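Worth saying up front: this structure is predicted, and the values here are computed from it rather than measured. All ligand and atom numbering here is 1-based and tracks the order in the structure.
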Amino acid sequence: MLELRPTCEHCNKALPPASLEARICSYECTFCAECVDNTLGNVCPNCGGGFTARPIRPSKNWKGENFLGKDPANTEIKHKPVYPVAHAQFSAPIRNIPPEKR
Ligand SMILES: [Zn+2]
Ligand SMILES: [Zn+2]
């Protein structure tokens, strides 16, 4: 199950479960759209993969108790800002390769 982490790992902006700005990599590293586009260049600083929009878990119990009321968002904040110079070096050979070819 997705962790639904509460904030952007870089800028610590709140990303509640219904946020349309939340982006995740395949390891659930979680950032806001602005950081993914402007700071990270769609390169995850932890794994080098790309990002996609985080799906939104239903807030209502439409079927089988599969909803936020039973499976709430994670509350543990992971705030690990990237260092721009270090990320530029790390991402330089990666950022022009589309995620499906990395
Ligand atoms: Zn951010
Ligand atoms: Zn990652």
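- Side-chain atoms of His87 do not come within 3.5 Å of backbone N or O of Pro45 as any donor-acceptor pair.
- Rounded to 10°, the angle formed at the Zn ion (ligand 2) by Cys44 SG and Cys47 SG is 100°.
- Without hydrogens or angle criteria, Arg23 side chain to Thr30 main chain gives no donor-acceptor distance under 3.5 Å.
- With rounding to the nearest 0.5 angstrom, the CZ atom of Phe31 is 14.5 Å from the CD atom of Glu21.
- Residue Ile24 is tested with Cys44, Cys29, Pro55 for a side-chain contact (heavy atoms from CB on, under 4.5 Å); the sole match is Pro55.
- In this structure, Lys80 NZ and Ile77 CD1 are separated by 14.5 Å, a value rounded to the nearest 0.5 Å.
- Listing protein N, O or S atoms at distances below 2.8 Å from the Zn ion (ligand 1), with waters left out, gives Cys8 SG, Cys11 SG, Cys32 SG, Cys35 SG.
- Comment: Lys13 does not engage Glu34 in a salt bridge, judged by the lack of any side-chain N to carboxylate O separation of less than 4.0 angstrom.
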